[in-house]
Protein chains: 2
Amino acid sequence: MAGSKLDEIDRKILAELQADGRMTNVELAKRVGISAPPCLRRVRTLEEAGYIRGYHADVDSRELGFEVQVFAMVGLVSQAEADLSVFEGKCRDWPLVRECHMLNGEVDFLLKCVAPDLSTFQSFLTEELTSAENVASVKTSLVIRCAKDVPGVPFEVLEERVRQLERGL
Amino acid sequence: MAGSKLDEIDRKILAELQADGRMTNVELAKRVGISAPPCLRRVRTLEEAGYIRGYHADVDSRELGFEVQVFAMVGLVSQAEADLSVFEGKCRDWPLVRECHMLNGEVDFLLKCVAPDLSTFQSFLTEELTSAENVASVKTSLVIRCAKDVPGVPFEVLEERVRQLERGL
DNA sequence: CGTGAAACCGTCGCCCC
DNA sequence: GGGGCGACGGTTTCACG
């Protein structure tokens with residue numbers, strides 16, 4: 001099962017770097033309770049194994065002038081794999097689309113979009129998204145406010161889960 | 001207007017740190033074309049001004065055993081501000097909820113959730129979310145796959161916008 | 001904003017368990 | 001296998017021009 005090859009120190013490293021990705025290695029080593037060299041080796045291993053995909057500054061999009069955030073629910077005409085891939089490729093090319101998730105249920109895709117203002121978004125919506133080949137329907141909802149936006153996963157839940165698994169060895 | 005107090009170097013710094021949050025300051029300085037000390041001063045200023053909210057390692061949730069990702073659309077009974085705040089507070093307390101956006105339109109909130117497996121999510125859904133006070137309806141959609149998930153904002157769009165504004169001085 | 005210097009950190013080789 | 005020690009080169013971060 002996934003995650004089973006990580007020990008407690010690895011999970012603490014991931015939790016710390018998820019909370020503060022610019023932490024120095026010596027500070028990280030101090031927090032997880034080992035010295036710097038093995039700590040750095042573990043971080044490199046976690047990066048190469050794909051547990052850590054990268055590090056990003058979390059920029060404030062509204063401060064930067066992207067005042068509009070929109071979720072778009074997209075239905076397609078054809079859900080054949082080739083047609084899904086074509087649509088996903090377009091989403092990757094559209095800079096205003098930041099996330100593209102394929103869902104089960106009534107709607108095929110959920111897109112998270114940002115834009116500097118409503119008219120920019122409307123141009124994108126009418127000229128690109130809605131008029132794209134194979135798109136059957138688009139329903140959009142403006143984000144009024146964001147009450148929570150934390151990255152990654154809840155490590156508390158992971159730890160609890162590990163403890164349960166250990167009890168059931 | 002927001003973002004107008006940043007010059008081109010500041011925007012390049014933000015773009016670089018969004019792409020690679022662990023870049024060293026000397027590398028960053030080289031890329032934006034200034035020397036290290038003023039570059040670090042700019043980064044600190046951007047952090048204090050709130051343009052940079054933090055730095056995070058981007059961990060692979062599926063590799064870590066969070067195999068279930070769900071979007072939940074929540075309708076409330078009352079949309080009075082006090083009741084909205086209460087619900088948002090609960091979302092902040094629920095570790096499985098990673099994002100909570102208030103939307104316009106038919107649904108009041110869109111939640112992004114993660115869970116180790118379906119039964120964990122179902123317990124949360126039935127025992128916590130659906131049975132929470134003031135919650136009228138919950139519709140959930142499982143994420144089948146994620147075609148795109150890039151953090152932050154498209155700086156290409158910002159630069160284009162700045163050029164347009166400069167032409168219209 | 002740049003230069004120089006001092007303190008700190010990332011990183012490696014080696015030894016240890 | 002992993003962790004610790006010591007040392008070198010690069011980096012962060014001052015004070016100052």
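Protein chains get the first letters and strands the later ones, always in sequence-line order, with residue 1 at the start of each.
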> Between A:F109 and A:H101, is the ring centre distance below 6.0 Å?
Replying inline: no
Could you tell me the separation between the [atom1] atom of [X] and the [atom2] atom of [N], rounded to a whole number of Å?
| X | N | atom1 | atom2 | value |
| --- | --- | --- | --- | --- |
| B:R41 | C:dC1 | CZ | C1' | 7 Å |
| B:R42 | C:dG2 | CZ | P | 9 Å |
| A:E47 | C:dT11 | CD | C1' | 14 Å |
| A:N25 | C:dG10 | CG | P | 5 Å |
| A:I34 | C:dC16 | CD1 | C1' | 16 Å |

> How close do A:A49 and B:E63 get, heavy atom to heavy atom, and via which atoms?
Replying inline: O-OE1, 4.0 Å
> Yes or no on side chain to side chain contact (heavy atoms under 4.5 Å, CB included) for A:L96 and A:T120, after CA distance, side-chain angles and deciding distance?
Replying inline: CA-CA 10 Å; A:L96 296 186; A:T120 304; 4.2 Å; yes
>> At 4.0 Å (heavy atoms only), tell me whether A:S35 reaches a base, stays on the sugar-phosphate, or touches nothing.
In response: base
Can you tell me if [X] has over 12 outside heavy atoms packed within less than 6.0 Å of its [atom1]?
| X | atom1 | result |
| --- | --- | --- |
| A:E8 | CD | no |
| A:Q79 | CD | yes |
| B:E27 | CD | yes |

>> My understanding is that only one of A:Q18, A:R22, A:E47 makes a side chain to side chain donor-acceptor pair (under 3.5 Å) with A:Y55; could you say which?
In response: A:E47
> How is the base pairing of DNA chain C summarised as a dot-bracket string, given the Watson-Crick and G-U wobble criteria with both distances under 3.5 Å, [ ] for crossing and | for another strand?
Replying inline: .||||||||.|||||||
>> Need to verify one output field. Residue with the more 5' nearest nucleotide on DNA chain D, A:A36 or A:R22?
In response: A:A36
> Between which nucleotides of DNA chain D, 5' to 3', does chain B make heavy-atom contacts below 4.0 Å?
Replying inline: D:dT11 to D:dC14
> Hey, what's the ring geometry for A:W94 with A:F87, parallel, tilted or perpendicular (30° and 60° as the breaks)?
Replying inline: perpendicular
